[in-house]
Amino acid sequence: MISIIPIPAFRDNYIWAVRSGAVAAVVDPGDAAPVLAWLDANGVELCAILATHHHADHVGGVPALRARYDVPVFGPAHEHVPERTHALGEGDRIVVPGIGLPLSVFDIPGHTAGHIAYYTMPPDPRVFCGDTLFAAGCGRIFEGTPEQMWSSLAKLAALDPGTRIYCGHEYTLANLRFAAAVEPASKDIAARIVHERDKRERGLPTLPSTIGAEHATNPFLRAALPDVMARAAAHAGRPMANAVDAFATLREWKNAFA
Ligand SMILES: [Zn+2]
């Protein structure tokens with residue numbers, strides 16, 4: 001029996017603990033201290049570390065965790081992850097030692113050049129997607145191109161609608177404010193704002209999301225829809241050439257969105 005627990009870190013990061021009994025792997029440990037505190041408080045031993053991309057708020061805690069636990073470090077082949085022991089890319093399959101969880105790996109470049117996702121198969125599909133797909137949003141494009149980010153998001157969007165999404169940050173309410181600006185008439189977005197705000201007011205994470213919920217409310221997955229393209233065109237003051245153009249326009253609009 002696997003359970004997945006968010007360990008809050010920094011201002012709005014989540015480090016995901018994937019626990020089976022008295023052992024757990026962690027995904028994207030940007031800081032060791034909250035992970036060590038959680039392990040100690042729950043009597044759990046660390047069995048593996050998984051990284052989605054090289055940013056310090058996702059891998060900064062690896063050396064301190066490894067100083068206490070001699071565990072494997074899985075990470076993207078094309079990025080620097082401290083003390084990485086297993087270099088992964090598209091099509092790789094691993095079984096997380098200690099918890100026996102099979103995962104397959106996707107390349108999802110765009111936020112960073114070598115960003116990867118970890119996916120667990122049906123009947124209980126889940127994806128750990130770092131800073132690529134967020135609840136109601138997506139990561140900034142730091143190292144890749146809009147084309148790359150669009151196709152990475154399309155790859156995630158093609159997963160089963162019930163797939164649960166474990167991403168790296170609690171950005172959901174801010175993302176939904178932008179989603180409502182893009183699609184002001186959307187009842188799905190309005191309902192989700194009420195639902196997610198209620199969770200935050202009770203101190204709960206809004207995550208995991210699901211692929212199905214993102215199809216309904218995430219403007220970045222909806223960029224190819226005629227109504228969303230029209231909103232992007234109105235914002236840019238020019239027609240949209242294609243879905244990537246609309247996606248890139250939305251991303252720039254969001255970057256400047258207060
Ligand atoms: Zn990042």
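Numbers for residues simply follow the sequence, beginning at 1. Every value quoted in this text rests on a predicted model; they were computed, and no experiment measured them. Ligands are counted one by one from 1 in listed order, and the atoms in each one are counted from 1 as well.
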Checking the side chain of T52 only, and the main-chain atoms of A117 only, is there a donor and an acceptor separated by less than 3.5 Å?
no

Everything protein-side that's N, O or S and under 2.8 Å from the Zn ion (ligand 1): list it, residue and atom.
H53 NE2, H55 ND1, H111 NE2, D131 OD2

Audit row: H58, D131, side chain to side chain donor-acceptor pair (under 3.5 Å) steps and yes/no
CA-CA 9 Å; H58 293 252; D131 288 353; 2.9 Å; yes

Is Y14 linked to V35 within one hydrophobic cluster, defined over Ile, Leu, Val, Met, Phe, Trp and Tyr using a side-chain heavy-atom separation of less than 4.5 Å?
no

Would a single hydrophobic cluster contain both F142 and F134, if residues Ile, Leu, Val, Met, Phe, Trp and Tyr are joined by side-chain heavy-atom contacts under 4.5 Å?
no

Which heavy atom in W38 sits nearest to a heavy atom in A24, and how many Å separate them?
CZ3-CB, 4.0 Å

Using modelled atom types only, decide if a donor and an acceptor are shared between the side chain of E79 and the backbone of G114 within a distance under 3.5 Å.
yes

